[in-house]
Peer 1: 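Sharing a structure here in structure tokens format.
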Protein chains: 2
Amino acid sequence: MPNRKITIEDIAQQANVSISTVSRVLRKSSGVAADKREAVLQAVSELDYRPNVFAQSLASGQSMTIGVITQNFGSPVYDGILQGILLGLEGTDYSSLFADGRWDKTIEQNALQAFVDRRVDGLIFVGGQLSESIMVEVGHKTPLILVARTIGSLAENCIHFDNFQAAYDLTRYLLDMGHRNIAHITAKMHYQETVSDVSQRYAGYAQALTDAGIPVDPQLVVEGNLMQQSGSLAVEMLLMAKRPFSAIFAANDQMAFGARLALYRRGIRVPDDISLVGFDDEIMAAFSIPPLTTVRQPSVEMGQAAAAAILDLIDGKPVANQIFRSKIIVRESVARLR
Amino acid sequence: MPNRKITIEDIAQQANVSISTVSRVLRKSSGVAADKREAVLQAVSELDYRPNVFAQSLASGQSMTIGVITQNFGSPVYDGILQGILLGLEGTDYSSLFADGRWDKTIEQNALQAFVDRRVDGLIFVGGQLSESIMVEVGHKTPLILVARTIGSLAENCIHFDNFQAAYDLTRYLLDMGHRNIAHITAKMHYQETVSDVSQRYAGYAQALTDAGIPVDPQLVVEGNLMQQSGSLAVEMLLMAKRPFSAIFAANDQMAFGARLALYRRGIRVPDDISLVGFDDEIMAAFSIPPLTTVRQPSVEMGQAAAAAILDLIDGKPVANQIFRSKIIVRESVARLR
DNA sequence: CATTTATTTGAAAACGTTTTCAAAATGATA
DNA sequence: TATCATTTTGAAAACGTTTTCAAATAAATG
């Protein structure tokens, strides 16, 4: 391997041109004679030249870097989105910087600051709870995409999934299967200023019931925190209330799994005694006992869309506000009520 | 907000010192009079100065960046490790660059190249299948830590988990519970040069059997690919072979879940008819039906250890070859054979 | 063929730091 | 108080690119 770091200057010398010319062919800009271009390219590969990204960034102002701020490393849906982003960035010249905000405003703010300091060319938020005004301000300075979060004034920049519609459809499905007393496990979100995915799911559930002429019974709506454990607790509370129900709609699969375990402990069969549906279609949904009926959230695809969108934004192209359709995945956790 | 980007020069002017002095106090190096230091600090906060990382990197040769190459974004164990890394880097001046090699040598190689081009100060591999010689060469140039992979000549740099011992203990546990015919679902790894986690688990299983005077029956060892689906297939194959067995040891939880589903489909009860154990203790293990007995792999902790280690390595401190102990998590998927 | 216009080129000026080196200021020693 | 060692300081030279600007060359026009 070469002892000394070889620079653009070495290439220039080897190819018998000026460094400006070298830079030009590397930058793929126009106006370079074919023979010189050839000579440069030849020298580049001969010397195995690797441009210094810092120098490039310093001179050009571009970092060739995308900052990704997630909130929930380890959650299947969020990880799926990250995976999609990584996939979407593969093969481009951009690398991705990651940070986990952990649903903590301060941590998220720090991560944002770190990324701004690093002059990221684009910013992708996966969830998040920074105030709308901060987000707008950020979006003003840096290309910005939001996934799994919707902000009204930034609608264009949101990779959108219609949680309301999906929850509505899923509830409708339960209704069609003959269920009338449907419990819902939701979750309280920390931030108020913006409409959260989870609250939209609740809204869809409520609307479907209302449209079917069934009043929403507060006793059948209980709050978890999106983790499995809280699903178990929710079922305990539901059972305690003595208000009969034949189906449970959990706002995400993880809570559905927790619910499933609590039912198992009580000897309540699924779906024979109680039907259960989740939301997200994470991998385990297909392998739970029984396989879980749920609605698919195309997380990887959304991540890829986010990557494509941020790239477009950086290129100055307009970005179409992508909205993903849901799809109910019918498996074996719902029984038809006769 | 300030219109023009403010630089070290603005600070120098405001504080009435030279830029060298400003740089010195910012670099925390010695030999700066208290009053000047104060003045600089004051100017910095007044003007809300943010150093340009590119210029810093260009001048100093440090990128303040750690490259993380994983293989399996979306797999619970690997994601846990990544989460730990992020956690361990939080609050330091380092940011982390991520890439997913997807168990593809070419992709992994490209990711490595991209990181080297970005002059990362440290490199963490989570799994991986680049040849030992490449890894050694890389480790020669850049501080390097390997998690979830062991390379003999790089033992110091490996965050180690004793897969052999854990698998041995787990098999021993099955033996103690009275099982004599224990099937094993393993996985073929793509790379041969290095001892893979999974093959170590197989070795532990085999050794425990041998030590108990039970020969390893090839008919009871079947290969999956670590995904849930392959666990189901493995069980089908096992059942097909007509060779009786009372317990299954899957080399990871995901395949155990798959196995569980296949058994459910056949109406075979767990643990009443067949006992089942996994490996990893991913979150879902506690919520499967029945809750899965498995061995805990402290992924988040290993990630944090990796972060700490790479930081030490960068600081020139020697790094202790961390080895994590396993712990069997006994839940409800194993029955005592009478 | 003489001009004008368009295309290629290279010199040199950014980009914003860190770091080396020598000068200046300070403190200690005799 | 003069001398020497130390500590503080600032000027200027890296770091390796991109980019502006003007010069040089080539092509097109009348």
Side-chain angles (χ1 to χ4, degrees), chain A residues 2-41 43-44 47-65 93 95 116-121 314, chain B residues 2-41 43-44 47-65 93 95 116-121 314:
Chain A
N3 198 6
R4 206 174 55 80
K5 270 281 144 225
I6 67 137
T7 77
I8 202 176
E9 206 136 3
D10 302 315
I11 304 296
Q13 203 165 321
Q14 172 111 353
N16 238 327
V17 295
S18 73
I19 64 167
S20 330
T21 301
V22 176
S23 176
R24 267 187 281 262
V25 0
L26 261 26
R27 294 282 80 209
K28 309 189 198 316
S29 51
S30 52
V32 158
D35 54 332
K36 309 231 174 194
R37 150 168 285 118
E38 262 322 301
V40 168
L41 258 21
V44 163
L47 301 181
D48 190 28
Y49 165 72
R50 293 272 152 198
N52 180 315
V53 284
F54 306 139
Q56 287 186 143
S57 295
L58 180 58
S60 71
Q62 301 231 299
S63 65
M64 299 311 279
T65 265
D93 288 333
S95 292
V116 169
D117 284 351
R118 286 199 128 79
R119 312 285 199 279
V120 294
D121 295 328
I314 291 174
Chain B
N3 199 6
R4 205 175 56 78
K5 271 281 144 227
I6 66 139
T7 77
I8 202 176
E9 205 136 3
D10 302 315
I11 304 296
Q13 202 166 323
Q14 172 111 351
N16 237 327
V17 295
S18 73
I19 64 167
S20 330
T21 301
V22 176
S23 175
R24 267 187 282 260
V25 0
L26 261 27
R27 292 285 82 208
K28 309 190 197 317
S29 52
S30 53
V32 161
D35 55 332
K36 308 231 173 198
R37 152 169 283 118
E38 262 322 301
V40 167
L41 258 21
V44 163
L47 300 182
D48 189 28
Y49 165 72
R50 294 272 151 197
N52 181 315
V53 284
F54 306 139
Q56 289 187 141
S57 295
L58 180 57
S60 71
Q62 301 232 300
S63 65
M64 299 311 278
T65 267
D93 287 334
S95 293
V116 169
D117 285 350
R118 287 198 125 80
R119 311 288 200 278
V120 294
D121 294 328
I314 291 174

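The sequence lines fix the lettering, A, B, ..., with proteins before strands; numbering per chain opens at 1.
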Peer 1: Quickly work out the I8(B) CD1 to dA11(D) P distance and round it to whole Å.
Peer 2: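 Rounded to the whole Å, the gap is 14 Å.
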Peer 1: Within the 4.5 Å heavy-atom criterion, are N52(B) and T7(B) side-chain neighbours or not?
Peer 2: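 No, every pair of side-chain atoms sits at 4.5 Å or beyond.
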Peer 1: Among the candidates dT8(D), dT17(D), dA12(C), find the nucleotide nearest to the side-chain atoms of S20(A).
Peer 2: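 Taking heavy atoms from C-beta onward, the closest nucleotide is dA12(C).
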Peer 1: Return the CG to CG distance between N16(B) and D35(B), rounded to the nearest 0.5 Å.
Peer 2: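 CG of D35(B) is found 11.0 Å from CG of N16(B).
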Peer 1: Roughly, in whole Å, what's the span from CD in Q56(B) to P in dT17(C)?
Peer 2: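 These atoms are roughly 7 Å apart.
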Peer 1: Looking at the side chain of S60(A), which of dT18(D), dT17(C), dG10(C) is the nearest nucleotide?
Peer 2: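 For the S60(A) side chain, the nearest candidate turns out to be dT18(D).
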Peer 1: For V53(B), report the nucleic acid contact type (base, sugar-phosphate, nothing); a contact means any heavy atom under 4.0 Å.
Peer 2: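 No contact at all - V53(B) keeps every heavy atom at 4.0 Å or more from the nucleic acid.
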Peer 1: How do L58(A) and V32(B) order along DNA chain D: which one's closest nucleotide is nearer the 5' end?
Peer 2: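 Final value for this comparison: V32(B).
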Peer 1: Counting distance alone, no hydrogens or angles: does the base of dG10(D) have a donor or acceptor under 3.5 Å from a partner atom on the side chain of R24(B)?
Peer 2: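 Indeed there is one.
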Peer 1: Base, sugar-phosphate, or nothing: which does T21(B) touch, judged by heavy atoms less than 4.0 Å apart?
Peer 2: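 Since only primed, P, OP1 and OP2 atoms lie under 4.0 Å of T21(B), the category is sugar-phosphate.
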Peer 1: Let me spell it out: for each of K36(B) and A59(B), pick the nucleotide of DNA chain D with the closest heavy atom. Which residue's pick is nearer the 5' end?
Peer 2: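 With K36(B) and A59(B) compared, the 5'-side residue is K36(B).
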Peer 1: Write down the atom of V32(B), the atom of R24(B), and the distance for their closest heavy-atom approach.
Peer 2: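 Taking V32(B) first and R24(B) second, the nearest heavy atoms are CG2-CB, 3.9 Å.
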Peer 1: Within this structure, what is the CD1-to-P distance between I6(B) and dT17(C), rounded to whole angstrom?
Peer 2: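 The answer, rounded to whole Å, is 9 Å.
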Peer 1: Among dG16(C), dT8(D), dT17(D), which nucleotide sits nearest the side chain of T7(A)?
Peer 2: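 So the side chain of T7(A) is nearest to dT17(D).
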Peer 1: Choose from dT19(C), dT17(C), dT8(C) the nucleotide whose nearest atom is closest to any side-chain atom of P51(B).
Peer 2: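 Side chain of P51(B) sits closest to dT17(C).
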Peer 1: Separation of I11(B) atom CD1 from dG16(C) atom P, in whole Å?
Peer 2: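 It is 13 Å, rounded to the nearest whole Å.
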Peer 1: So which nucleotide from dG10(D), dG16(C), dG10(C) ends up closest to the side chain of S18(A)?
Peer 2: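 Of all the options, the side chain of S18(A) is nearest to dG10(C).
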Peer 1: What is the distance, to the nearest angstrom, from the CZ atom on F54(A) to the P atom on dA14(C)?
Peer 2: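 Computing the F54(A):CZ to dA14(C):P distance gives 24 Å.
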Peer 1: What closest approach, in Å, do S95(A) and R118(B) show between heavy atoms, and which atom pair accounts for it?
Peer 2: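 In terms of heavy atoms, the two residues are closest at OG-NH1, 3.0 Å.
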Peer 1: Would you mind reading off the distance between M64(A) atom CE and dG16(D) atom P, rounded to a whole angstrom?
Peer 2: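 Going from M64(A) (CE) to dG16(D) (P), I get 20 Å.
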Peer 1: If I take atom CG in residue D35(A) and atom P in nucleotide dT25(D), what distance separates them, rounded to the nearest angstrom?
Peer 2: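 Computing the D35(A):CG to dT25(D):P distance gives 15 Å.
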Peer 1: Distance check needed: dT9(D) P versus I19(B) CD1, whole Å only.
Peer 2: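 Distance check: I19(B) CD1 to dT9(D) P gives 15 Å.
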Peer 1: Could you walk me through whether Y49(B) and L26(B) pass side-chain contact (heavy atoms from CB on, under 4.5 Å), step by step?
Peer 2: CA-CA 11 Å; Y49(B) 165 72; L26(B) 261 27; 3.5 Å; yes
